*Asks:* 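The structure under discussion is supplied below as structure tokens; questions concerning it will follow.
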Amino acid sequence: VSTQSTWATQNTWGQKIRIMANYPPPYDPNMPYAQAAYPNPPQMYVPVMPMIPPAGYPQYVKQKRAYTPMEILDKLQSLFIAQKAQYLEKFTCFEFENEYKVYGKKEKKLDKPDKKSDIKKKKKDKRVYFKCKEHSTCCMRYCVVPSMREFSMSVDFKQRYPEKATYSFLKLKREYTCTCLCCYRPVIEVKLDYGSDKRKIGYVMDRYDCCNIVLDLFLGTSDEALYRIEGNCCQCGFHFSCPCGPCKKVIFDVYKMGSSKGKVGEIAKIWSGCAKELLSNADNFTAIFPPGENWEVKALFMASVLFIDYRYFEEKNDSKQELTIISHFFIFT
């Protein structure tokens with residue numbers, strides 16, 4: 001006790017209060033009671049530095065993996081398809097082969113409208129995953145209307161890692177058909193062209209309807225349609241050439257056959273911008289896939305967007321005029 005009181009008189013008032021409250025004094029190795037008050041004296045903190053392997057030893061580096069186009073298409077939930085603008089087509093008699101760039105987005109909600117209609121800003125936020133190129137003869141492009149034109153289209157996958165390269169992914173084939181009402185309805189076939197795999201994925205058929213646009217999607221060689229795409233022909237975007245946004249938008253609803261869920265997806269032709277609308281015949285589209293589908297069904301939806309463009313929005317540039325309501329009636333049939 002005398003030792004503790006002697007220590008207390010030699011220290012400040014705050015240390016005296018600590019002793020009176022039965023707290024152990026601060027650790028001091030020179031005090032005689034240090035071992036009793038602190039059986040395990042505090043250790044000084046020494047920061048641990050990460051070990052750097054010496055030269056010659058292999059170091060761990062996070063490896064990236066190159067994804068296949070099937071894996072990429074599985075992850076995407078919506079597409080933005082932009083047609084390349086050919087400005088000479090609007091003012092001359094030339095007819096070029098169509099080209100499209102396909103941008104992807106992982107999430108897109110049906111009930112959430114686009115906040116901004118600036119297409120150039122949208123392209124900066126998306127990555128080009130696929131590039132579509134038409135292959136057709138001059139006779140078909142100059143002598144046959146686009147709604148009946150025979151063509152084939154290659155869909156190439158643009159890879160970024162481990163090196164930038166382009167690989168063939170899909171082949172689309174549309175035969176020439178002289179369509180009249182319910183006879184000789186046009187069909188576009190979708191085949192896989194990735195490496196040695198050349199199998200048929202499915203096809204899209206344009207069904208006959210008196211007033212609306214109806215397309216059925218068939219997977220593989222099945223005769224039963226998996227999805228149906230419907231568009232009302234009374235929308236302004238079919239019949240008027242006003243370059244403003246609301247008048248150019250055309251919506252196609254997607255329904256699953258044999259299901260009562262209602263609308264499960266959407267395909268829309270959207271505004272391309274004033275300059276592109278006035279100086280070219282290029283169109284832009286968006287496609288929202290049904291949730292939970294694999295890449296084969298999504299490939300059919302991509303082909304259906306291109307098929308819709310040729311059937312209902314590709315103009316005959318030799319006439320130098322927009323399609324009217326009367327001409328649309330013959331195309332719809």
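Just so it is clear, the structure is predicted and the values come from calculations on it, not from any experiment.
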*Asks:* Taking the side chain as every heavy atom from C-beta outward, state whether Leu192 and Leu170 have any pair of such atoms under 4.5 Å apart.
*Replies:*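 Yes, at least one pair of side-chain atoms sits under 4.5 Å.
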
*Asks:* May I ask you to check whether Phe169 and Phe157 place their ring centres under 6.0 Å from each other?
*Replies:* no

*Asks:* Is the number of heavy atoms from other residues, nucleotides or ligands under 6.0 Å of Lys171 NZ greater than 12?
*Replies:*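 Counting neighbours around NZ of Lys171, more than 12 heavy atoms of other residues, nucleotides or ligands fall under 6.0 Å, so yes.
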
*Asks:* Pick one: which of Leu300, Leu73, Leu76 meets side chain to side chain contact (heavy atoms under 4.5 Å, CB included) with Trp295?
*Replies:*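 Single pass found, and it is Leu73.
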
*Asks:* Passes side chain to side chain contact (heavy atoms under 4.5 Å, CB included), Arg149 versus Glu134? Steps please.
*Replies:* CA-CA 11 Å; Arg149 181 193 303 178; Glu134 175 194 349; 3.0 Å; yes

*Asks:* Within the structure provided, determine whether Pro69 and Phe130 are in side-chain contact (heavy-atom separation under 4.5 Å).
*Replies:*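 They are in contact (side-chain heavy atoms under 4.5 Å apart), so the answer is yes.
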
*Asks:* Is there side-chain contact between Tyr176 and Met148, with heavy atoms separated by less than 4.5 Å?
*Replies:* yes

*Asks:* Locate the shortest heavy-atom distance separating Leu172 from Ala303; write the atom from each residue and the value.
*Replies:*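 Residues Leu172 and Ala303, closest heavy atoms: CD2-CB, 3.9 Å.
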
*Asks:* Which heavy atom of Leu79 sits nearest to which heavy atom of Gly104, and what is that distance?
*Replies:*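 Taking every non-hydrogen atom into account, CD2-CA, 4.2 Å.
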
*Asks:* Is any side-chain heavy atom of Pro290 closer than 4.5 Å to one of Val297?
*Replies:* no

*Asks:* Indicate if Phe307 and Tyr203 have the same hydrophobic cluster label, given that clusters are the connected sets of ILVMFWY residues with side-chain heavy-atom separations under 4.5 angstrom.
*Replies:* no

*Asks:* Could you tell me the separation between the NZ atom of Lys263 and the CD1 atom of Ile288, rounded to the nearest 0.5 Å?
*Replies:* 7.0 Å

*Asks:* Closest approach of Arg174 and Pro186, non-hydrogen atoms and distance?
*Replies:*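 Answer, listing the atom of Arg174 first, then Pro186: NH2-CB, 3.2 Å.
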
*Asks:* Is it the case that over 12 heavy atoms from other parts of the model lie below 6.0 angstrom from the NZ atom of Lys261?
*Replies:* no

*Asks:* Could you pull out the closest heavy-atom pair between Phe80 and Thr286, with the gap in Å?
*Replies:*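 Closest approach of Phe80 to Thr286: CD1-CG2, 3.8 Å.
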
*Asks:* Before giving the answer on side chain to side chain contact (heavy atoms under 4.5 Å, CB included), spell out for Phe252 and Leu215 the whole-Å C-alpha distance, their side-chain angles and the decisive distance to 0.1 Å.
*Replies:* CA-CA 10 Å; Phe252 301 87; Leu215 286 87; 5.7 Å; no

*Asks:* When you measure from the side chain of Lys256 to the backbone of Val264, do you find a donor-acceptor pair of N or O atoms at a distance under 3.5 Å?
*Replies:*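 A pair under 3.5 Å: no.
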
*Asks:* What verdict does the side chain to side chain contact (heavy atoms under 4.5 Å, CB included) test give for Met153 and Tyr100, after you've listed the backbone C-alpha separation in whole Å, the side-chain angles of each residue and the deciding distance to 0.1 Å?
*Replies:* CA-CA 10 Å; Met153 184 171 290; Tyr100 302 84; 3.9 Å; yes

*Asks:* Check for me, please, whether Val250 and Val214 land in the same ILVMFWY cluster - side-chain distances under 4.5 Å, paths through other members count.
*Replies:*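 Result: no, two separate clusters.
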
*Asks:* Let me see the working for Glu189 and Lys200 under side chain to side chain contact (heavy atoms under 4.5 Å, CB included), right down to the final yes or no.
*Replies:* CA-CA 8 Å; Glu189 294 184 355; Lys200 181 179 179 180; 4.0 Å; yes

*Asks:* Would you call Arg199 and Glu296 a salt bridge, using N to O less than 4.0 angstrom?
*Replies:*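 Salt bridge present between Arg199 and Glu296.
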
*Asks:* For the residue pair Tyr255 and Glu230, establish whether any side-chain heavy-atom pair is separated by less than 4.5 Å.
*Replies:*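 A side-chain contact exists here, since the closest heavy-atom pair is under 4.5 Å.
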
*Asks:* Any carboxylate oxygen within less than 4.0 angstrom of a Lys/Arg side-chain nitrogen, looking at Glu150 and Lys173?
*Replies:* yes

*Asks:* Answer yes or no: are there more than 12 heavy-atom neighbours, outside Tyr87 itself, under 6.0 Å from its atom OH?
*Replies:* yes

*Asks:* Tell me, do Asn98 and Tyr310 make a side-chain contact under 4.5 Å, heavy atoms counted?
*Replies:*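 In contact.
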
*Asks:* Do the numbers put Lys75 on top of the ring of Tyr67, so that NZ or CZ is under 6.0 Å from the six-membered ring centre and no more than 45° off the axis?
*Replies:* yes

*Asks:* Using modelled atom types only, decide if a donor and an acceptor are shared between the side chain of Lys191 and the backbone of Lys198 within a distance under 3.5 Å.
*Replies:* no

*Asks:* Spell out, as yes or no, whether a donor-acceptor pair under 3.5 Å connects the side chain of Gln83 to the backbone of Asp283.
*Replies:*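 Yes, Gln83 side chain to Asp283 backbone: donor-acceptor pair under 3.5 Å.
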
*Asks:* Distance check, rounded to the nearest 0.5 Å: Leu226 atom CG versus Glu293 atom CD?
*Replies:* 6.0 Å

*Asks:* Indicate the atoms forming the closest heavy-atom contact of Lys84 with Ala282, along with that distance.
*Replies:*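 Closest heavy-atom pair between Lys84 and Ala282: O-CB, 3.9 Å.
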
*Asks:* What do you reckon, are the aromatic ring centroids of Tyr227 and Phe301 less than 6.0 Å apart?
*Replies:*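 Between Tyr227 and Phe301, the centre distance is under 6.0 Å.
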
*Asks:* If hydrophobic clusters are built from ILVMFWY residues whose side chains come within less than 4.5 Å, do Leu217 and Ile251 share one?
*Replies:*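 Leu217 does not cluster with Ile251.
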
*Asks:* With a 4.0 Å cut-off on N to O distance, would you call Arg141 and Glu97 a salt bridge?
*Replies:* yes

*Asks:* Could you pull out the closest heavy-atom pair between Ser304 and Ile267, with the gap in Å?
*Replies:*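 Of all heavy-atom pairs spanning Ser304 and Ile267, the closest is OG-CD1, 3.7 Å.
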
*Asks:* Within a strict 4.5 Å, meaning less than it, do heavy atoms of the Tyr129 and Val102 side chains meet?
*Replies:*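 Tyr129 does not reach Val102 side chain to side chain.
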
*Asks:* Kindly compute the distance separating CD (Glu99) from NZ (Lys131), expressed to the nearest 0.5 Å.
*Replies:* 5.5 Å

*Asks:* Rounded to the nearest 0.5 Å, what separation is found between the CG atom of Asp309 and the OG atom of Ser147?
*Replies:* 12.0 Å

*Asks:* Taking the side chain from Thr177 and the backbone from Thr179, do they hold a donor-acceptor pair closer than 3.5 Å?
*Replies:*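 Checked: no pair found.
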
*Asks:* Does any N or O in the side chain of Tyr208 come within less than 3.5 Å of the main-chain N or O of Arg185, such that one atom is a donor and the other an acceptor?
*Replies:*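 Looks like no, no N/O pair under 3.5 Å.
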
*Asks:* Flag yes if Leu306 and Phe289 sit in one hydrophobic cluster, no otherwise; membership is Ile, Leu, Val, Met, Phe, Trp, Tyr, and two members link when side-chain heavy atoms are under 4.5 Å apart.
*Replies:* yes

*Asks:* If we count only N and O atoms by modelled type, under 3.5 Å, do the side chains of Asp156 and Thr166 hold a donor and an acceptor together?
*Replies:* no

*Asks:* Just verifying a value: how many Å separate Asp223 CG and Phe218 CZ, rounded to the nearest 0.5 Å?
*Replies:*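 One gets 7.5 Å once the value is rounded to the nearest 0.5 Å.
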
*Asks:* Treating Ile, Leu, Val, Met, Phe, Trp and Tyr as nodes and any side-chain heavy-atom pair under 4.5 angstrom as an edge, say whether Ile72 and Met302 lie in one connected cluster.
*Replies:* yes

*Asks:* Nearest 0.5 Å, what's the OG-NZ distance between Ser154 and Lys133?
*Replies:*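 The NZ atom of Lys133 is 8.5 Å from OG of Ser154, to the nearest 0.5 Å.
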
